[in-house]
Amino acid sequence: MPSFQPLPGFVDLLPEDAARMRHLEETARTLFERCGYREIRPPLVEDAALFERTSGATSDIVQKQMFSIPSRDDAGAFVLRPEGTPGVFRAYLEAGYAKTNPFQKFFYLGPMFRYERPQKGRQRQFHQIGIEAIGSPDPHLDAEIVYLGYRFYEAVGLRQVTVLLNSIGCAACRPAYLQTLRNALTASLDTLCALCRDRFGRNVLRILDCKNAPCTQAVAQAPRIADSLCDDCRSHDRAFRIALKAGLPISEAPRLVRGLDYYTRTVFEYHHPGLGARSAVGAGGRYDGLGERLGGSAIPAVGFAIGVEATLLALEAEGKLPEPGGAGGIFVVYVDRDCRTDAYRLTEGLRNAGVTADLDHMGRSLKSQMKAADARGAHEIWILGPDEISAGTVKIKRLSDGSEKTLPVVEAISHASRAPADAPR
RNA sequence: GUGGGCGUAGCUCAGCCGGUUAGAGCAGCAGACUGUGGCUCUGCGGGUCGGGGGUUCGAAUCCCCUCGCUCACCCCA
């Protein structure tokens, strides 16, 4: 057993894992850029207060899930970002977009950190890919984003994703609903789980989300938030649904709420049946309240985040995990050790000509070199032995059909650089 | 924070009613095929049996402690 392992909840992404993750990231990048979203990279470390102000001091993220870093001069706590939205929004404000060019579409990707007990699909360092459209209240934007998220899952190969939708109102109508909800739940307050009894005063809305039987029962009787929406929220929701592309596998989720405080109106989650109880592969919503929480003016915005690890699990469940392809390219093989330097020079010549090329560095037998070439998925083996070296040639073997030919080295290199053998597949 | 499961080779695991040299498959290396991959066969290397203590003539096996991993609950993208 090695002396050092990754810390609990942290994992080494080996090349095969990194390739899978990169595949998702590149799919997202292509898709999002096509829709006008530009990549933004806020820092991984922010002032703890940023998340306390935005996510809500009562949210679990803030209460117990943040990784804090003591600052040297005791100026306050720093934290590893537990989610992407606040940092993106802070960057938007900091850059002055609100004044110069208020409507901006961003995407971001990278690691997030939460101090949770690790389990399947949940790590302390996990990865998200998210988008944020800041500056517009347009319900068509909600539709664009919900659809875009779905398109991402579709593009990576998932076929069983469903979209859960709800509206949770705004600062104008939600307080009245919260009161209605409290009134409705008062009678059954004693039957609620301990956590929900606590939530009753602190964050009633979250009771809707509770999975404990007594709470779901109590909640089933309670009035729906959809019936308490103000006119503005109602018309926003209506326009959003009209705009939303038909054919999306949508489920109404009248009790869907979010764990973070800044959401308003549209909320949604993407679910996958292959993940069990914790079936979300991504989620998001509108957060018109975030700008004010950061001390600015009200700036409407909407976005979502994709859980990368959850998405990979879903792909695995559908049997669609992409198998990382071989390195391709050319593997240069030396017949005996005296040819190693020539083989090395030939390899460098190929690389300098823009061709993917490699060779053995373990002093292995010819046969083993051939095996290694095959194992790594090379397309051609270039064999260099005393005969070839004295003739200034190289023997080229195609792995696909085993055919061989001998060419002068110079000619072979220029041919390879024109018609690269490392073309995909 | 709470509960369950599991720690034996690089990986997946067998062995565990105590008993000689701790095994298999895969992977690795080498050979059969003396300058040729995939398939096959043969051989080789590789183990503080997570760690510590205890019981015993004898512990991978039984007991205690400890560390680690994992799954679930909680909560959550």
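A, B, ... follow the sequence lines: proteins, then strands. Residue 1 opens every chain. These numbers come from a predicted model, not from an experiment. All values below come from the heavy atoms of this structure, side chains included, with hydrogens, waters and symmetry mates left out.
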Going by an N to O cut-off under 4.0 Å, is there a salt bridge joining A:Arg151 and A:Glu154?
-> yes

Pick base, sugar-phosphate or nothing for A:Phe126, based on heavy-atom distances below 4.0 Å to the nucleic acid.
-> base

Separation of atom CG in A:Leu313 from atom P in B:U70, rounded to whole Å | 13 Å

Quantified in whole Å, what is the P atom distance between nucleotide B:U55 and nucleotide B:G3?
-> 31 Å

Describe the nucleic acid contact of A:Asp387 in one word from base, sugar-phosphate, nothing, applying a heavy-atom distance below 4.0 Å.
-> base

Report which part of the nucleic acid A:Gly121 touches: base, sugar-phosphate, or nothing (heavy-atom distance under 4.0 Å, all strands).
-> base

Under a 4.0 Å N-O cut-off, is there an ion pair linking A:Glu46 with A:Arg90?
-> yes

Tell me, do A:Thr266 and A:Ser167 make a side-chain contact under 4.5 Å, heavy atoms counted?
-> no

Salt bridge A:Lys320-A:Glu318, side-chain N to carboxylate O under 4.0 Å = yes

note: A:Glu116, atom CD; B:U2, atom P; distance rounded to Å ~ 17 Å

A:Arg117 (side chain) and B:C74 (base): donor-acceptor pair under 3.5 Å = no

Sequence-distant partners of A:Phe268, ring pair (Phe, Tyr, Trp, His ring centres under 6.0 Å), two or more places apart = A:Tyr270

Choose from B:C74, B:C69, B:G35 the nucleotide whose nearest atom is closest to any side-chain atom of A:Arg122.
-> B:C74

Determine the Euclidean distance between corresponding P atoms of B:G15 and B:A24; express it in Å to zero decimal places.
-> 15 Å

Could you pick out which residue, A:Pro6 or A:Ile306, lies toward the 5' side of RNA chain B when each is mapped onto its nearest nucleotide?
-> A:Pro6

Name the closest nucleotide to the A:Lys395 side chain, picking from B:U36, B:G37, B:A77.
-> B:U36

Would you say B:G37 has OP1 or OP2 under 4.0 Å from some side-chain N or O of A:Lys367?
-> yes

A:Leu399 has a side chain; which of B:A77, B:G37, B:G68 sits nearest to it?
-> B:G37

Between B:A14 and B:A22 - C1' atom distance, rounded Å = 11 Å

Think A:Gln119 has a side-chain N or O under 4.0 angstrom from the OP1 or OP2 of B:A72?
-> yes

Pair of N/O donor and acceptor under 3.5 Å linking B:G35 base with A:Gln369 side chain = no

Separation of the P atoms in B:G53 and B:C17, to the nearest angstrom | 24 Å

OH of A:Tyr270 versus P of B:A77: gap in Å, rounded?
-> 14 Å

Between OH on residue A:Tyr92 and CG on residue A:Leu294, distance to nearest 0.5 Å | 12.0 Å

What about A:Glu404, does its side chain sit under 3.5 Å from the base of B:U36 through a donor-acceptor pair?
-> yes

Between A:Pro118 and A:Gly402, which has a closest nucleotide on RNA chain B that is more 5'?
-> A:Gly402

Rounded distance in Å between the P positions of B:G46 and B:U36 = 29 Å

Answer yes when A:Glu83 and A:Arg81 have at least one side-chain N-carboxylate O distance shorter than 4.0 Å, and no when they do not.
-> no

When rounded to whole Å, the CG to P distance for the pair A:Leu275 and B:A77 reads 14 Å

Starting at atom CD1 of A:Ile381, determine the distance to atom P of B:G38, rounded to an integer number of angstrom.
-> 10 Å

Atom CG of A:Leu384 and atom P of B:G35: how far apart are they, to the nearest Å?
-> 15 Å

Does the base of B:U70 carry an N or O that pairs as donor and acceptor with the side chain of A:Lys120 under 3.5 Å?
-> no

Is there a side-chain contact between A:Thr347 and A:Phe331, using heavy atoms and a 4.5 Å cut-off?
-> no

Rounded to the Å, how far apart are A:Arg376 CZ and B:A27 P?
-> 18 Å

Please give, in whole Å, the distance from B:G38 C1' to A:His379 NE2?
-> 14 Å

Looking across every strand, which nucleic acid part, if any, lies under 4.0 Å from A:Lys371 by heavy atom: base, sugar-phosphate, or nothing?
-> sugar-phosphate

Write down the distance separating the P atoms in B:U42 and B:G25, rounded off to the nearest Å.
-> 9 Å

Pick the P atom in B:G52 and in B:U12, then give their distance to the nearest Å.
-> 23 Å

Would you classify A:Ala305 as touching base, sugar-phosphate or nothing, given that sugar-phosphate means primed atoms plus P, OP1 and OP2, and contacts are heavy atoms under 4.0 Å?
-> sugar-phosphate

Electrostatic pair A:Glu33:A:Lys105 at N-O distance under 4.0 angstrom = no

Answer with base, sugar-phosphate or nothing: what part of the nucleic acid does A:Glu388 contact at a heavy-atom distance below 4.0 Å?
-> base

Side-chain contact check for A:Gln128: nearest option of B:A77, B:G38, B:C69 is B:A77

Note every stem involving RNA chain B: at least three consecutive Watson-Crick or G-U wobble pairs, i with j then i+1 with j-1, with both distances under 3.5 Å.
-> B:1-7 with B:67-73, B:10-13 with B:23-26, B:28-32 with B:40-44, B:50-54 with B:62-66

Results of side-chain hydrogen bond (donor to acceptor under 3.5 Å, both in side chains) for A:Asp358 - residues two or more places apart only | A:Arg351, A:Arg376

Pairwise C1' distance for B:A60 and B:A72, with rounding to whole Å | 29 Å

